[in-house]
Amino acid sequence: MSVAEWDEDETTELEQHVVDVDEKPVTHDPAVDEDVPQTYYGSVDEFVREKLVTSYRRLVGPQAANRWAADWWSYPEAVSRLDALWRAWEHLRLDGVTGASVWWRDHADHHMRMLLDPQGPFMASKDQNEPGEPLPYTAPPAGLFPDLRKVAG
């Protein structure tokens with residue numbers, strides 16, 4: 001068999017597989033699936049307000065080694081990273097053995113290091129706190145982060 005013939009046979013098999021997958025749409029209705037747990041926090045804002053700013057205490061400010069913005073929701077990178085942190089926390093909270101440790105090590109410490117970096121998304125922020133205080137927080141505009149528990153329910 002020549003290389004060209006081999007490539008043709010492989011392409012044909014691959015194309016057939018793609019067609020087979022495309023013809024079998026996967027549908028999932030979370031309302032029907034009783035095994036899907038409800039989130040503990042209804043939105044990334046609730047997660048940031050109730051969990052993150054109170055448990056991830058770092059000294060922040062223009063003269064500190066870390067930066068944070070009370071209006072974190074004004075920064076697209078921050079919203080994306082914090083949403084990822086929230087969703088990872090929601091998933092890992094169900095693992096009662098190592099979930100919390102994995103979340104801190106693999107998710108919180110990584111993303112917070114990026115967010116708090118003086119060259120990160122909050123580099124121009126003047127928000128500050130005192131040692132041991134929660135990170136600064138300002139509520140986002142009403143409706144920006146609807147409670148997904150109510151939307152889905």
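Residues: numbered from 1 along the sequence shown. Computed from a predicted model, the values in this text were never measured in an experiment. Worth knowing before you read on, the calculation uses all heavy atoms, side chains too, and leaves out hydrogens, waters and symmetry mates.
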Within-4.5 Å side-chain heavy-atom neighbours: [X] and [Y]:
| X | Y | answer |
| --- | --- | --- |
| S125 | W68 | no |
| F47 | L85 | yes |
| T54 | E50 | no |
| Y56 | D109 | yes |
| W72 | V44 | yes |

Subject >> Residues which pass salt bridge (charged side-chain N to carboxylate O under 4.0 Å, His left out) with D95, listed by chain and number, not counting sequence neighbours >> reply: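 None.
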
**OP:** Sequence neighbours left out, what passes salt bridge (charged side-chain N to carboxylate O under 4.0 Å, His left out) with R93? Give chain and number order.
**Re:**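 Once residues adjacent in sequence are excluded, the partners of R93 under the salt bridge (charged side-chain N to carboxylate O under 4.0 Å, His left out) criterion are E90.
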
Original post:
Do L148 and W73 share a hydrophobic cluster, counting only Ile, Leu, Val, Met, Phe, Trp and Tyr and linking them when any side-chain heavy atoms are less than 4.5 Å apart?
Top reply: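 Linked, L148 and W73 end up in one cluster.
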
Between the side chain of [X] and the main-chain N/O of [Y], is any donor-acceptor distance below 3.5 Å?
| X | Y | result |
| --- | --- | --- |
| N66 | R58 | no |
| W86 | V48 | no |
| R149 | S43 | no |
| N129 | P134 | yes |
| R57 | L135 | no |

Could you go through residues 111-122 and list every donor-acceptor pair under 3.5 Å that involves a side-chain atom there, pairing it with any protein atom two or more places apart or in another chain?
{"from": "H111", "atom 1": "ND1", "to": "R81", "atom 2": "NH1", "distance (Å)": "2.8"}
{"from": "D117", "atom 1": "OD1", "to": "Q119", "atom 2": "N", "distance (Å)": "2.6"}

**OP:** Report the distance from atom CG of D106 to atom CG of L92, rounding to the nearest 0.5 Å.
**Re:**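 Output value for this atom pair is 8.5 Å.
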
Original post:
Can you tell me how far the CD atom of E130 sits from the CG atom of L59, to the nearest 0.5 Å?
Top reply: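 Taking CD in E130 and CG in L59, the distance rounds to 7.5 Å.
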
**OP:** Would you name the heavy atoms of G42 and D147 that are closest together and state the gap between them?
**Re:**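 For G42 and D147, the tightest heavy-atom pair comes out as CA-OD1, 3.2 Å.
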
**OP:** Identify the heavy atoms of R67 and P62 that sit nearest to each other, and give their distance.
**Re:**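 Scanning both residues completely, I find the closest heavy atoms to be NH2-O, 3.2 Å.
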
Original post:
Taking atom types as modelled, is there a side-chain donor on Y137 or D45 under 3.5 Å from an acceptor on the other?
Top reply: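 Side-chain D/A pair, Y137 to D45: present.
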
